2 protein chains.
Amino acid sequence: MPNSKPVISSSGLRDEDLRQAIELLFFAYRDFTARADAILAKQSFGRAHHRVIYFVGRHPGITVSALLEILGITKQSLARVLGQLVREHYILQKKGTQDGRQRLLHLTDKGRELERMLTTEQRARIAAAYKDAGPSAVEGFRKVMLGIMNDDARWRFKTRGD
Amino acid sequence: MPNSKPVISSSGLRDEDLRQAIELLFFAYRDFTARADAILAKQSFGRAHHRVIYFVGRHPGITVSALLEILGITKQSLARVLGQLVREHYILQKKGTQDGRQRLLHLTDKGRELERMLTTEQRARIAAAYKDAGPSAVEGFRKVMLGIMNDDARWRFKTRGD
DNA sequence: AAATATACGTCAGTATTGTTGACATATTAC
DNA sequence: GTAATATGTCAACAATACTGACGTATATTT
C-alpha cells in the first residue's frame with residue numbers, strides 16, 4: 001500500500017513540498033552565513049557588521065535611513081555597529097552636498113578589503129551551486145526567491161539585470 | 001556605450017549575478033521569517049522557540065542530540081528554550097525505550113496548535129511563490145538551494161520526496 | 001524670520017539568542 | 001567495574017535586537 005496519502009493544502013500544493021521549502025530556506029541560509037560569521041568572529045565583529053559592510057559596498061554613498069530600510073532594523077541597533085565601523089575606519093561618512101543632514105556612507109580601502117574577504121567565500125558557494133544546477137535552474141531559483149520576499153524588496157531587483 | 005563591462009569571476013559567472021544571489025537570500029529569508037516572529041512575540045517566545053517547535057513537529061520522537069545537530073547550536077542554548085517549552089507543555093519528553101538515556105521529543109496538542117499557527121503563514125507564502133513561479137522554476141529553486149547548503153544538510157533531503 | 005519637519009546621533013534599559021567552561025546524573029557499552 | 005554517551009544545569013558573558021526619550025543640525029514650510 002502507498003506510504004500515506006499526500007496532504008494537499010488549500011493552495012493545491014502538497015504540504016510536504018511546502019515544508020520542504022521551509023527547510024531548504026533554513027539550511028541553505030544557515031550554511032551560507034556560517035563561514036563568513038567565522039571570519040567575522042576573529043575580528044570580533046558579527047553578522048550585523050557584515051551586512052552593513054556589504055550593503056555600503058553595494059551602494060556607495062547610501063544614506064543612513066536607506067540602509068536602515070534595507071536592513072529592517074532600528075536606528076539604535078544600527079548605530080552601535082555603524083559607529084564601530086566608522087571609528088575603526090572601515091566606513092567613511094561624508095556630509096551630503098545636496099542635503100547637509102545626510103551622512104553618506106562609503107567603504108574605505110580597509111572596508112573594501114574586509115568586504116572582499118567575507119563575500120569571496122559566499123560568492124564561491126553560490127557559483128558552485130549555480131554551475132551545478134545549470135542556467136534554467138538558476139532562473140527558477142530567482143523567480144521563487146523573488147516570490148517569497150515582500151513587494152518592497154522585490155522591486156529592488158526588478159530595475160536591475162532583468 | 002555599454003554600461004560597463006561585466007565582471008567575470010574565476011568561476012565564469014558574472015559577479016553581478018553572484019551578488020544578486022546573496023541579496024535574494026538575504027531579503028527572502030528576512031521577509032520569510034518576519035511574520036512568524038511577530039506571532040511569537042505575542043507569546044513572549046522567539047525565533048528559537050519556533051525552530052524547536054518546527055523540527056520536533058517534523059520529526060516526532062527526535063532525540064535532543066539530533067535536534068542540536070539540526071539547529072547547529074549548543075546544548076546550553078537549546079536547554080533554555082526547550083526547557084521553557086517543556087515546562088509550558090508545548091513539548092513532551094518520553095524516555096527512550098531502546099536507550100533509556102535519550103529523551104524523545106514530541107509536540108503536545110498545544111504545541112501542535114502553535115506550530116500550525118506559525119507555519120500556516122509561511123506555507124502560504126511559499127505556496128504563492130511556487131504557484132507564481134511554476135513547477136520548473138520550483139525544481140530549479142530546489143536544485144540551487146540544495147547546492148548552497150553543506151553536504152551534511154543536503155542528504156537530509158535526498159532520502160525523501162525525490 | 002519663525003515654526004515645523006527631517007536626518008542623524010545618543011543615552012538608558014531590556015529581551016532573546018547565542019557562546020564557553022565546568023560539573024552532575026543516568027544509562028549503556030566494553 | 002570503568003569508560004563512554006545522552007542529557008541536564010549553573011554561571012558568566014557577548015552580540016543583536018528592541019522601546020522610549022531626548023539632542024542637534026539642516027531643510028522646508030508658512
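Model, not experiment: these values are computed from the prediction. Letters A, B, ... are given to chains in the order of the sequence lines, protein chains preceding strands, and every chain is numbered from 1.
Counting to the nearest Å, the C1' atom of C:dT10 and the CD atom of A:Gln93 are 13 Å from each other. Atom P of nucleotide C:dC8 and atom CD1 of A:Ile73 are separated by 14 Å, given to the nearest angstrom. In this structure, the CG atom of A:Leu78 is 16 Å from the C1' atom of D:dT19, given to the nearest Å. What separates CZ of B:Arg80 from P of C:dT20 is a distance of 13 Å, to the nearest Å. Going from atom CD1 of B:Ile91 over to atom P of D:dT7 covers 14 Å, rounded to whole Å. Rounded to whole angstrom, the span from the CG atom of A:Leu68 across to the P atom of C:dT10 amounts to 14 Å. The NZ-P distance, from A:Lys75 to C:dC11, rounds to 13 Å in whole Å. At whole-Å resolution of the value, CG in A:Leu71 and P in D:dC18 are 10 Å apart.
The base of D:dA17 does not come close enough to the side chain of A:Arg47 for any donor and acceptor atom to sit less than 3.5 Å apart. Applying the 3.5 Å distance criterion, the base of C:dG21 shares a donor-acceptor pair with the side chain of B:Gln76.
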For this session: Go along nucleotides 25-30 of chain D 5' to 3' and tag each nucleotide: B for a protein heavy atom under 4.0 Å from its base, S when only backbone or sugar atoms are that close, - otherwise.
Result: BBS---
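The one candidate from B:Asp17, B:Leu25, B:Val144 that meets the side chain to side chain contact (heavy atoms under 4.5 Å, CB included) condition with A:Ile126 is B:Leu25. Checking each of A:Ile53, A:Leu40, A:Leu118, A:Ile39 against A:Phe45 for a side chain to side chain contact (heavy atoms under 4.5 Å, CB included) leaves exactly one that passes, namely A:Leu40.
The minimum heavy-atom distance linking B:Ser77 with B:Ile73 is given by the pair CB-CD1, 4.0 Å. Nearest heavy-atom pair across B:Asp31 and A:Met149 is OD2-CB, 3.5 Å.
When distances are taken from the side chain of A:Gln102 to each of D:dG8, C:dC8, C:dT17, the shortest belongs to C:dC8. The side chain of A:Ala48 lies closest to D:dT16, out of D:dT16, C:dC8, D:dT7.
Using a 4.0 Å heavy-atom criterion, one finds that B:Gln84 contacts no nucleic acid atom at all. Within the nucleic acid shown, B:Thr74 comes within 4.0 Å of at least one base atom, counting heavy atoms only. A:Ser77 comes within 4.0 angstrom of a nucleotide base, judged by non-hydrogen atoms across all strands.
Both A:Leu107 and A:Leu78 are part of a single hydrophobic cluster, where members link through side-chain heavy atoms under 4.5 Å apart.
B:Arg51 has a side-chain polar atom (N or O) that falls below the 4.0 Å cut-off from OP1 or OP2 of C:dG18. Of the side-chain N and O atoms in B:His49, none sit less than 4.0 angstrom from OP1 or OP2 of C:dT16. Between B:Thr63 and D:dA6, a side-chain N or O to OP1/OP2 separation shorter than 4.0 Å is absent.
Taking a cutoff of 4.0 Å between a charged side-chain nitrogen and a carboxylate oxygen, B:Arg58 and A:Glu23 qualify as a salt bridge.
Residues B:Phe55 and A:Phe26 bring their aromatic ring centres within 6.0 Å.
Computed from C1' positions of five pairs at each end, the angle between the two local axes of the helix from C:dA1-D:dT30 to C:dC30-D:dG1 equals 30°, rounded to 10 degrees.
Atom CZ in A:Arg87 sits 9.5 Å away from atom CG in A:Leu82 (nearest 0.5 Å). Summarising the geometry, atom CG belonging to A:Leu104 is positioned 12.0 Å from atom CG belonging to A:Leu67; distances are rounded to the nearest 0.5 Å.
In this structure, A:Thr119 and A:His50 have side chains that are in contact, with non-hydrogen atoms separated by less than 4.5 Å.
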